[in-house]
Each structure stands twice: as structure tokens, then as C-alpha cells.
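Notes to accompany the following structure.
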There are 2 protein chains.
Amino acid sequence: MTPLSARALPVANHQEPLQRSVPRADRVPNKKIIRELNIKVTTQRLMILDVVRNGPSHFTAQDVFEAVAARHPEIGFATVYRFLRTLSEHKYVTEVRMGGMPARYEWAGKRHHDHLTCASCSKIVEFENTEIERLQEKVAKQFGFSLTGHVLELYGICPECRAKENAADRR
Amino acid sequence: MTPLSARALPVANHQEPLQRSVPRADRVPNKKIIRELNIKVTTQRLMILDVVRNGPSHFTAQDVFEAVAARHPEIGFATVYRFLRTLSEHKYVTEVRMGGMPARYEWAGKRHHDHLTCASCSKIVEFENTEIERLQEKVAKQFGFSLTGHVLELYGICPECRAKENAADRR
DNA sequence: AAGTTAATTGCGAATGACTTTCATTATCAG
DNA sequence: CTGATAATGAAAGTCATTCGCAATTAACTT
Ligand SMILES: [Mn+2]
Ligand SMILES: [Mn+2]
Ligand SMILES: [Zn+2]
Ligand SMILES: [Zn+2]
């Protein structure tokens, strides 16, 4: 695997247990994380954080709401949105809003990566490409900008969906 | 300018007249473009298309609405949205929806490019980087995807805003 | 442990960007 | 010119997200 090649990252869907590059962060108790934000440790915040950290990645606010509501039905949407925003502002989660669909979030305690999404079945592959990152810096510098962030989302058709399409066409 | 370097593209803001890579498309009358879509040639479509093609780039539906309404106050929002969608579906305009803000559109009769946006003053620089494009293809192929599109938006602080910040800090 | 109080919650209403509905109007093939 | 059909505009509807606010609660302070 050359430094130029993209590396697949474990995704919730096809994931097997394996050691992460940031194992420590994953052991920090939720309570501590909330305290570090200088806000009150409430049951709802603990529950939301639990879902955020231990549930599937690339979740929507709705996903979090439903997961929490399963055990704590009084939870309100506003609470979920408010806390997700706080987490996002403090870089604990990454928020991606695209294409007029609900925002998706993911716990940021993992290595930086971008997404390759199947336009047909919405499957998400995470990848990391240092060469692209480097070129982005270079572009920014070229225009005198200091780069503060980026959004790179690739869209395509995954092998499975392509196979299905072919089968359908052939018929 | 090496093949690795990004090329600045003319942007409405700081633009000087210069020959485009697709001059022909820019001469096609609006009427003809609409006819090619097999839809009726209406006054509102002609006016919208005029704004889309001759107004500033990276406009919102609201921008188009206001520009058209200036001369034709009966125009409705629905008409603007409907036609922008049609144009977008037929690749005459590119639609970019990001960060929970209104979608921005641009006439697609120009070379493909991505955007570098100032997080402070919202200035937009268009750039083109064939090396990044190539690497995107490579990533997709690596995962067996056929690439159908991508969104690459870089965020940073432009030189001017950086200067302002420094001045403010120093004081 | 009880009291104080400011942060937090959950509800419902409000927003904002579209989209849909539908009665009225305009286009254009014949 | 004329009728069939598409397009328009006003208003109502969606949908994700945010706001306002009275009731609740976490985290101090006695
Ligand atoms: Mn991810
Ligand atoms: Mn552009
Ligand atoms: Zn797929
Ligand atoms: Zn700026």
C-alpha cells in the first residue's frame, strides 16, 4: 500500500472488532467528556453521548433521538439537536450537511477521513488519502488562504449496485 | 504552472473579460436552450435563464427571484425553483447545497472546478486541480466504485481577512 | 441534608428553504 | 385561430432544525 493509495477505514456496517488509532479517547468516560465542556452532566447528555460513541457511525439527529427514546421516552428533539451542536462546536463530532438531506454526524475520535458514498444504496466507505490532503493545502496556499477545513465527498455506484444494474439491463 | 498546481478561474467578483473554454455555449440563445429541453418557452423561463447566464455566479434561488422580480414582479418562487431544478437535472447548472444554507447554483457552461471559500467574508475562489481529480478517480476505483460525482469545498481565511484579524489582535 | 439558583429540559410554536396543489393563464401544434 | 396541454403564481404543506419559555434539575452553598 503506497502512501498515495487510499486506505479503507473500518465502517460500522462491515466492521470487525479491531484496535483503533485512538484507543484512549474511546475509554474516557462520558461523564468526563461532558465535564470538560463546563456544562452540567445530565442523564440525557449521558445517554446521547453513549449513542453517539457506541452506536453506528454516520447517524442523523433522528437516529440519536430514536435510540435514546427507546430507553428514555421523555427525551426531546431540541435536547438532541442542542447537544449535538455543542459536541460539534467542540469538535467531538463532525457534522456533514449535504444535498438537502438531514445532517449526519460522526464521533470525531477517529482519524480524519473522507467519504465515498454509493448514490444508489447509500453505502458509505471511509477513506483517507494523504496526497489529496496535501494537494488541498497546496491549493489554499496558492491563493494565500490558510486552510481551516474541507468537505470531500465522492459519489459513485458501488460494485454490488453496479452488478444489480447490469443484471436488470441484460433482462 | 505545473500540472500539479491549481489554476485560478475567473470569478464574477474579480473578473476581467477573457476568452472562455466554452465560448460557443455562451452564444446559444436562451430560447434555443429551453427548446432543447422540450418544454415551453415562457417569458419567465427566458428571464430566469438570462439571470442565470449573465448575472453573477454562485447565486441562490433568492438572488434569481429578486433579479427577475425587478423587471417582472409577478414572478413566483415556485417558478424559479422549478426551472432551476430542471436546469440542474439537465446539467445546465450545477447545484451545491452545503452547511444548511440555501443552495447555490452556477451556470455549468464553464470548465469543471471546485471552490475555496473564505470562512470569514464568504469570498469564493474557483480552482481546478487535475491531480486531485485524478486521485479521486483512483480512490473510487480502489473500492470498486464507478465515480459519478464529487463535492470538494475548501474552507479557509483569505489573505485580506487574515490581515484584518492580525490588525485587530495587535490592537 | 436542605436550600438556592442558574443551567437544562421538553413542549409547542416558529423558521427557512423548498415543494406541492390547484385554479387560472399562456404556449404552440395543427 | 383554437383547443389540448403545459406552465404559472398564490397559498398551503413539508421537513429539518431552532426558539421561547415554564417547569425541572444539577451543582453549589449553607
Ligand atoms: Mn466517516
Ligand atoms: Mn464556481
Ligand atoms: Zn450501492
Ligand atoms: Zn475573507
Side-chain angles (χ1 to χ4, degrees), chain A residues 29-52 58-90 93-105 122, chain B residues 29-52 58-90 93 95-105:
Chain A
N30 291 344
K31 215 176 232 183
K32 193 175 179 196
I33 292 184
I34 299 175
R35 283 220 195 82
E36 278 167 4
L37 296 172
N38 291 315
I39 58 179
K40 290 185 178 172
V41 177
T42 64
T43 340
Q44 15 299 70
R45 282 175 177 160
L46 285 169
M47 300 189 79
I48 292 171
L49 197 44
D50 179 54
V51 173
V52 166
H58 310 118
F59 48 84
T60 63
Q62 177 78 42
D63 294 336
V64 176
F65 175 83
E66 283 168 12
V68 174
R71 321 178 116 265
H72 185 80
E74 324 78 283
I75 188 82
F77 261 99
T79 306
V80 173
Y81 276 111
R82 275 186 294 237
F83 191 43
L84 281 178
R85 172 188 275 195
T86 301
L87 290 174
S88 167
E89 283 170 354
H90 290 270
V93 305
T94 311
E95 178 186 343
V96 183
R97 289 177 154 192
M98 302 234 36
M101 28 191 58
R104 293 196 165 263
Y105 304 81
S122 297
Chain B
N30 292 343
K31 213 176 232 182
K32 193 174 179 195
I33 291 184
I34 299 175
R35 282 219 196 83
E36 277 167 5
L37 295 172
N38 291 315
I39 59 180
K40 290 185 178 172
V41 178
T42 65
T43 341
Q44 16 299 70
R45 281 175 177 160
L46 285 169
M47 300 189 80
I48 292 170
L49 197 45
D50 180 55
V51 173
V52 167
H58 311 119
F59 48 84
T60 62
Q62 177 77 41
D63 294 337
V64 176
F65 176 83
E66 283 168 12
V68 174
R71 320 179 116 264
H72 186 80
E74 324 79 282
I75 189 80
F77 262 99
T79 305
V80 173
Y81 276 111
R82 274 188 294 239
F83 191 41
L84 281 178
R85 171 188 274 194
T86 302
L87 290 174
S88 167
E89 283 169 356
H90 290 270
V93 305
E95 179 186 341
V96 183
R97 289 177 154 190
M98 302 235 36
M101 26 193 58
R104 292 195 166 265
Y105 304 82

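Every heavy atom of this structure was used, including side-chain atoms; hydrogens, water molecules and symmetry mates were not. Chain letters run A, B, ... following the sequence lines, proteins first, then strands; residues in each count from 1.
Taking all atoms of both residues into account, the shortest heavy-atom contact from A:Ala61 to A:Val80 is O-CG1, 3.7 Å.
With contacts defined as side-chain heavy-atom distances shorter than 4.5 Å, the pair A:Phe77/A:Val64 does not qualify. Between B:Val93 and B:Val52, some side-chain heavy-atom pair lies under the 4.5 Å cut-off. Taking the side chain as every heavy atom from C-beta outward, B:Thr86 and B:His90 approach each other to under 4.5 Å.
A straight line from CD of B:Gln62 to C1' of C:dT15 spans 14 Å, rounded to a whole angstrom. Here C:dT8 presents its P atom at 12 Å from CD1 of A:Ile48, a figure rounded to the nearest Å.
When the side chain to side chain contact (heavy atoms under 4.5 Å, CB included) test is applied to A:Ala69, the partners found at least two apart in sequence or on another chain are A:Phe65, A:Ile75. The ring pair (Phe, Tyr, Trp, His ring centres under 6.0 Å) test applied to A:Tyr81 returns no partner, not counting sequence neighbours. The side chain to side chain contact (heavy atoms under 4.5 Å, CB included) search around A:Ala103 returns A:Glu95, A:Arg97, A:Tyr105, not counting sequence neighbours.
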Output a table of donor-acceptor pairs, distance under 3.5 Å, between side-chain atoms of residues 33-50 of chain B and any protein atom two or more places apart or on a different chain; print 'none' if there are none.
{"from": "B:Glu36", "atom 1": "OE1", "to": "B:Tyr92", "atom 2": "OH", "distance (Å)": "3.1"}
{"from": "B:Thr42", "atom 1": "OG1", "to": "B:Arg45", "atom 2": "N", "distance (Å)": "3.2"}
{"from": "B:Arg45", "atom 1": "NH1", "to": "B:Lys40", "atom 2": "O", "distance (Å)": "2.9"}
{"from": "B:Asp50", "atom 1": "OD1", "to": "B:Asn54", "atom 2": "ND2", "distance (Å)": "2.6"}

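Protein chain B contacts DNA chain D from D:dT5 to D:dA10, reading 5' to 3' and using non-hydrogen atoms of the protein with a distance under 4.0 Å.
Residue contacts shown for B:Ala103 are limited to sugar-phosphate atoms, with no base heavy atom under 4.0 Å away.
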Contact letters for nucleotides 19-30 of chain C, in which S counts primed atoms plus P, OP1 and OP2 and B counts the base, heavy atoms under 4.0 Å: BBB-----BS--

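Inter-axis angle, ends of the helix from C:dA1-D:dT30 to C:dG30-D:dC1, five pairs per end, rounded to 10 degrees: 30°.
No donor-acceptor distance shorter than 3.5 angstrom exists from the side chain of A:Arg104 to the backbone of A:Val96, with no hydrogens or angles considered.
Within the structure, every pair that satisfies the side-chain hydrogen bond (donor to acceptor under 3.5 Å, both in side chains) test and touches residues 59-68 of chain A, not counting sequence neighbours, is listed here: A:Thr60-A:Asp63, A:Gln62-A:Glu66.
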